[in-house]
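Everything quoted here is computed from the prediction, not taken from an experiment. Position 1 is the first residue of the sequence; numbering continues from there.
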Amino acid sequence: MRQRASDLENFYASSLGETACYLLLRRLNDLWGDCANQTVLGMGYAHPLLAGLSLTAKAAVAVTPHLGASSYWAGTDRGVSTCISEEDRLPFADGSFDRVILLHAVEEAESPRAVMREAWRVLAPEGRALIIVANRKGLWSLSEGTPFGHGRPWTRRQLIQWLNDHLFQVTASTTALHLPPINWRFLTHAADGFENFGSLAVPGLGGAVMVEAIKHLYAKPGSGAAAPVTGLATGRKGVAQLPRNEAARSEGQKVEISHVDRPVTARFHHQY
C-alpha cells in the first residue's frame, strides 16, 4: 500500500521534513541551478522540491496518485499546479517537460518500469530527469517514521544500471540526507555539518540516492551490435514464394485476381 498524501505532507511540514527538503534542494541546485525558464514535472510526491523551484521555473506541475484535497490545495498555493493521475498514464503530450523529478515515485510503484516509461515519454529530447530513492545502505530506509522507510530501497549502482536499461543516459549521481532520521531540533540545526562531513567521510551512506539522467533519442556511433545472420532463405532471387504448407494448399487453384483485390480474395480462397 502506498503512503497517503496526508502522511507525506505531515512529514514535510515537520522540522525533520523541512530539513530533508532543504538538503535535497541543495543537491538539486548543484545539478540544475534554479531551472529558470524551464518546464518542470514532479512525479510521486515532489511538491516540496517543486515549491523551491516554482519562483523561477516557467511552469511547475506535480502529478500524484495520492488522492486528497489537502494535497491539491497545498500544491497550488505554493505556485505548483497539481494533477491527480496515475504515474503510468500521464495526461501530457510527448516531450512536454524540460525537467522531470521523481521523488517517492519508484520505490512504491506497482510497475517501476511503466513509471519510467512515462517519464521518458513526457520528457523533451535531451531533457533531464532526477530520480530520488531511498538508499538501501542508509539509515533512512530503516526508519518507518519517514517516507524513505517505505517501499523498495535501492543502491546507487542498482539505480544506475536500471536507468541505463530504460533509454536514459546517467550523467551524475550522489547521495544526500547524512543526518540521522530523528526529529530532534539540535540535529536538524546541525544538518549542514552532518551533510558536509558525511559527503566526505561516508559518501555512500546518505539516506537518499539521487541520480540524474538524460533522455537520448539516438544511439552513440558504435554502441549498437549488428544482428547476426542465422540462415539464408531458399529460392530464386527476386521471386516471392509461399511457405510449404500454404503452397501445397494452393496447388491446382488458378484464380485471376487483381492487385487491389489480392489480400481479400487470397484469404477467401484459403478458407474454402
Side-chain angles (χ1 to χ4, degrees), residues 19-46 48-54 56-58 60 62 95 97-107 109 112-113 115-138 140-141 148 152-179 191-192 194-220 223:
T19 302
C21 181
Y22 160 73
L23 295 176
L24 292 176
L25 272 174
R26 198 176 81 168
R27 295 290 188 181
L28 177 58
N29 289 330
D30 292 340
L31 288 172
W32 291 354
D34 56 4
C35 292
N37 299 319
Q38 302 286 324
T39 54
V40 186
L41 173 68
M43 299 176 63
Y45 193 81
L49 299 185
L50 291 177
L53 302 175
S54 60
T56 56
K58 182 178 180 180
F97 297 93
D98 302 306
R99 302 284 188 268
V100 175
I101 301 173
L102 294 98
L103 176 62
H104 308 306
V106 176
E107 304 101 305
R113 183 184 300 273
V115 172
M116 289 309 305
R117 188 185 300 118
E118 278 295 273
W120 189 93
R121 182 183 66 80
V122 301
L123 190 62
E126 304 304 311
R128 298 184 179 185
L130 180 63
I131 300 89
I132 306 174
V133 298
N135 186 3
R136 184 183 297 275
K137 298 180 180 179
W140 286 67
S141 64
F148 297 93
R152 174 193 175 188
W154 299 66
T155 65
R156 180 154 44 169
R157 178 177 297 181
Q158 288 173 342
L159 185 57
I160 290 174
Q161 292 177 346
W162 188 69
L163 288 172
N164 285 331
D165 293 336
H166 289 76
L167 300 179
F168 283 98
Q169 179 183 351
V170 174
T171 54
S173 66
T174 186
T175 59
L177 307 183
H178 290 273
L179 78 163
D192 285 320
F194 277 106
E195 201 71 6
N196 294 334
F197 175 79
S199 60
L200 293 175
V202 284
L205 299 183
V209 172
M210 306 176 67
V211 176
E212 182 200 51
I214 294 180
K215 172 183 177 178
H216 282 320
L217 296 178
Y218 58 88
K220 293 183 178 181
S223 61

Asks: Keeping Thr155 on the side-chain end and Arg136 on the backbone end, is there a donor-acceptor pair under 3.5 Å?
Replies: no
Asks: Okay, side chain of Asp98, backbone of Gly127: is any donor-acceptor separation there less than 3.5 Å?
Replies: no
Asks: Between the main-chain N or O of Leu130 and the side-chain N or O of Glu212, is there a donor-acceptor pair closer than 3.5 Å?
Replies: no
Asks: Does a sphere of radius 6.0 Å around CZ in Arg26 hold more than 12 heavy atoms from other residues, nucleotides or ligands, not counting ones at 6.0 Å or beyond?
Replies: yes
Asks: Do Val100 and Trp120 come within less than 4.5 Å of each other through their side chains, counting heavy atoms only?
Replies: no
Asks: I'd like to check Leu102 versus Leu41 (side-chain heavy atoms, cut-off strictly below 4.5 Å). Are they in contact?
Replies: no
Asks: Under a 4.5 Å cut-off applied to non-hydrogen side-chain atoms, are Phe97 and Gln38 in contact?
Replies: no
Asks: Could you measure the distance from the CD atom of Glu195 to the OG1 atom of Thr19? Nearest 0.5 Å is fine.
Replies: 10.5 Å
Asks: In Å and rounded to the nearest 0.5 Å, what is the CH2 to CZ distance from Trp32 to Arg99?
Replies: 6.0 Å
Asks: Could you tell me whether the side chain of Thr56 and the main chain of Asp34 form a donor-acceptor pair under 3.5 Å?
Replies: yes
Asks: Looking only at heavy atoms, which two atoms of Ala172 and Leu31 are closest? And how far apart?
Replies: CB-CD2, 3.8 Å
Asks: Check whether any side-chain heavy atom of Lys215 sits under 4.5 Å from a side-chain heavy atom of Leu167, and report yes or no.
Replies: no
Asks: Looking only at heavy atoms, which two atoms of Pro153 and Gln158 are closest? And how far apart?
Replies: O-OE1, 4.4 Å
Asks: Measuring from atom CE of Met116 to atom CG of Leu123, what distance do you get when rounded to the nearest 0.5 angstrom?
Replies: 9.0 Å
Asks: So, for Ala105 and Gly44, which heavy atoms are closest and what is the spacing to 0.1 Å?
Replies: CB-CA, 3.6 Å
Asks: Does Gly204 offer a backbone N or O that forms a donor-acceptor pair with the side chain of Asn135 under 3.5 Å?
Replies: yes
Asks: So for atom CZ, which belongs to Arg157, do other residues, nucleotides or ligands contribute more than 12 heavy atoms lying within a distance under 6.0 Å?
Replies: no
Asks: Just how far is it from atom CD of Glu107 to atom CD1 of Ile132, taken to the nearest 0.5 Å?
Replies: 9.5 Å
Asks: How close do Val40 and Cys35 get, heavy atom to heavy atom, and via which atoms?
Replies: CG2-CB, 4.2 Å
Asks: Per the side-chain contact (heavy atoms from CB on, under 4.5 Å) rule, which among Leu159, Ile160, Ile131 passes with Ser173?
Replies: Ile160
Asks: Could you tell me whether the side chain of Trp140 and the main chain of Leu179 form a donor-acceptor pair under 3.5 Å?
Replies: yes
Asks: Is there a side-chain contact between Val170 and Asn164 (heavy atoms, below 4.5 Å)?
Replies: yes
Asks: Please round to the nearest 0.5 Å and tell me the distance separating atom CG of Leu23 and atom CG of Leu28.
Replies: 12.5 Å
Asks: Under 3.5 Å, is there a donor-acceptor pair between the side chain of Trp154 and the main chain of Val209?
Replies: no
Asks: Quick one: closest heavy-atom pair of Leu177 and Ala208, and the distance?
Replies: CD1-CB, 3.9 Å
Asks: Where is the tightest heavy-atom contact between Ala62 and Leu50, given as atom of each residue plus distance?
Replies: CB-CD1, 3.6 Å
